[in-house]
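Notes for the one structure printed next.
Model, not experiment: these values are computed from the prediction.
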Amino acid sequence: MADSSDSSVSVDIETIISLGGKEHIVHTGHGSVSVVVFGDPDKPALVTYPDLALDHMSCFQGLFFCPEADSLLLHNFCIYHISPPGHELGAAKISPDSPVPTIDDLADQVADVLDYFGLGAVMCLGVTAGAYILTLFAMKYRERVLGLILVSPLCQGTSWKEWLYNKFMLNLLYFYGMCGIMKECLLQRYFSKEVRGGPQVPESDIVQACRSLLDERKSGNVSRFLQAINDRYDLTGGLKKLRCRTLIFVGDESPYHSEALHMAVNLDRRYSALVEVQACGSMVTEEQPHAMLIPLEYFFMGYGLYRPVQLSGSPRSPLSPSCISPELLSPESMGLKLKPIKTRLSSKV
């Protein structure tokens, strides 16, 4: 990523501008990060962080651009999409002389981004590795997080199996770059077998689009984020100390399904709920975004946020955790009962 003497550089990218967003390159204490901002900055802030090798377009487009989410999310929030260092569209290769950030560095970058935009407490939405970074951020900066929405999150330290698999991917990136095998490894991480297709079934449009976007990634930049995540530590001991509301989504075909269950069990049940999405991989935001809408609507109601037709007050009002009833996210009140819910009709005709 190119350096600049300015504290921030705004970069207009045609695709982003056409969708109403603007990219800022924010220089933090641990390197530069891309932040794409959508919406009215006077509204409450929703900060997102994607999974490995993804940016906001490849990780959150399905959720944010479906009509129901437009009324629920874009009407109520100003969105701040943070990309992992060097993962944004058109990113340059990060110099190999630059130190590889730790997971704590990445969490501290989020705080620096909030400081740059003058944000106080925010809502957070993260997917897998991004969910880990935002959970760690919430533990380190509790007063700055109003709520966590985590999709197929990581929360434990790296198992030996995952550590070896990640080392395999790091070697692929080093010797072969974003090759076909590497892309298959990542697609298996993100999506269920159903949408990835097979010999008799073509892969879905979302998988084809993601495969194309992966071609744009600089392998060295992806390697740096993967290395940081592979060296992560266990957050389990601090989960019950979190007092912000937490809503977890996980696909039942996600490689990290057991991670999400472990996290849900170790969070304070008074402040958390789990939604298991059937026939879905890790990236629920892309594969089955509609499965997220009703739980999200219940979640946001506790902050006084509704769909536009139901608004009784101004969406510009700051979020206030004190207005949440303790029962709001109980499994019974949400109809979840901490077990899989049916989220799609059978594909059989």
Side-chain angles (χ1 to χ4, degrees), residues 1 28-34 47-55 59 82-88 91 93-113 124 126-141 145 148 150-178 181-182 185-186 188-190 214 217-239 241-242 254-260 262-263 266 282-283:
M1 190 177 297
T28 75
H30 302 284
S32 301
V33 291
S34 167
V47 171
T48 76
Y49 209 109
D51 192 18
L52 175 71
L54 301 176
D55 62 6
C59 195
I82 302 176
S83 290
H87 280 51
E88 69 274 13
K93 181 180 179 180
I94 300 175
S95 170
D97 296 330
S98 299
V100 176
T102 66
I103 47 146
D104 284 288
D105 293 339
L106 296 173
D108 292 340
Q109 280 186 334
V110 177
D112 288 343
V113 167
C124 294
V127 176
T128 310
Y132 179 97
I133 298 300
L134 292 179
T135 302
L136 178 59
F137 169 70
M139 289 179 173
K140 298 182 70 173
Y141 302 90
V145 178
L148 285 171
L150 308 174
V151 181
S152 304
L154 302 175
C155 72
Q156 299 181 89
T158 314
S159 67
W160 277 109
K161 181 179 179 181
E162 185 191 349
W163 188 88
L164 289 171
Y165 189 70
N166 288 344
K167 284 294 184 181
F168 167 70
M169 289 198 292
L170 285 167
N171 284 332
L172 282 177
L173 288 167
Y174 182 80
F175 290 107
Y176 303 104
M178 190 59 72
I181 297 176
M182 182 65 198
C185 291
L186 290 170
Q188 289 177 26
R189 175 188 179 98
Y190 307 145
L214 289 174
R217 294 288 170 267
K218 298 292 188 297
S219 58
N221 298 357
V222 175
S223 179
R224 291 165 62 87
F225 189 31
L226 178 55
Q227 186 174 332
I229 292 299
N230 206 33
D231 293 336
R232 71 182 186 272
Y233 52 87
D234 196 340
L235 301 181
T236 303
L239 291 177
K241 297 177 183 178
L242 285 176
S254 167
Y256 306 105
H257 181 260
S258 62
E259 277 279 312
H262 172 85
M263 187 172 192
N266 283 278
S282 297
M283 203 154 40

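Rounding to the nearest 0.5 angstrom, the gap separating the CG atom in L186 from the CZ atom in R217 is 10.5 Å. The CG atom of L226 lies 9.5 Å from the CG atom of D231; values are rounded to the nearest 0.5 Å. A distance of 7.0 Å separates CG in L148 from CG in L134, rounded to the nearest 0.5 Å. Rounding to the nearest 0.5 Å gives a distance of 7.0 Å between OH of Y256 and OG1 of T128. Here F168 contributes atom CZ and M182 contributes atom CE; the two are 9.0 Å apart, rounded to the nearest 0.5 Å.
When atom types are taken as modelled, the side chain of E259 and the backbone of C155 share a donor-acceptor pair closer than 3.5 angstrom. Side chain of T135 to main chain of A131: a donor-acceptor pair is present (N/O by atom type, distance under 3.5 Å, no hydrogens or angles). Within the 3.5 Å criterion, the main-chain N or O of I94 finds no donor-acceptor partner in the side chain of K218. One N or O on the side chain of H87 and one on the backbone of P85 form a donor-acceptor pair closer than 3.5 Å. At distances below 3.5 Å, at least one donor-acceptor pair connects side-chain atoms of Q109 with backbone N or O atoms of H30. Between the side chain of N221 and the main chain of G86, a donor-acceptor pair closer than 3.5 Å is present. R224 places a side-chain N or O within 3.5 Å of a backbone atom of P99 that can act as its donor or acceptor partner. N266 places a side-chain N or O within 3.5 Å of a backbone atom of H262 that can act as its donor or acceptor partner.
Between L214 and A53, the closest heavy-atom pair is CD2-O, 3.6 Å. Annotation for N166 and T158: closest pair ND2-CG2, 4.3 Å, computed over non-hydrogen atoms. What you find for L173 and M178 is that their closest heavy atoms are CD2-CE, 4.3 Å. Here the shortest heavy-atom pairing between F225 and A129 reads CZ-CB, 4.0 Å. Shortest non-hydrogen contact noted between A138 and V145 is CA-CG2, 3.7 Å. The shortest heavy-atom contact between S282 and S152 is O-OG, 2.7 Å.
Defined by atom type and a distance below 3.5 Å, a donor-acceptor pair is missing between the side-chain atoms of T102 and D104.
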Output, in order, the C-alpha distance, side-chain angles, deciding distance and verdict of side-chain contact (heavy atoms from CB on, under 4.5 Å) for K161 and Y165.
CA-CA 6 Å; K161 181 179 179 181; Y165 189 70; 5.7 Å; no
The test is side-chain contact (heavy atoms from CB on, under 4.5 Å); show your working for Y190 and V127 and say whether it passes.
CA-CA 10 Å; Y190 307 145; V127 176; over 6 Å; no
Run L106 and V33 through side-chain contact (heavy atoms from CB on, under 4.5 Å) and show every step you take.
CA-CA 10 Å; L106 296 173; V33 291; over 6 Å; no
Would you sort out whether D51 and M283 count as a side-chain contact (heavy atoms from CB on, under 4.5 Å), showing the intermediate values?
CA-CA 9 Å; D51 192 18; M283 203 154 40; 5.8 Å; no
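The environment of Y176 atom OH is sparse: at most 12 non-hydrogen atoms of other residues, nucleotides or ligands sit within 6.0 angstrom. Environment of CD1 in I181: sparse, with no more than 12 heavy atoms of neighbouring residues, nucleotides or ligands closer than 6.0 Å.
The side-chain heavy atoms of L136 and L235, taken from C-beta on, include a pair separated by under 4.5 Å. Residues I229 and I133 are in side-chain contact: their nearest non-hydrogen atoms beyond the backbone lie under 4.5 Å apart. The side-chain heavy atoms of P84 and Y49, taken from C-beta on, include a pair separated by under 4.5 Å. In this structure, the side chains of M139 and L242 come closer than 4.5 Å at one or more pairs of heavy atoms.
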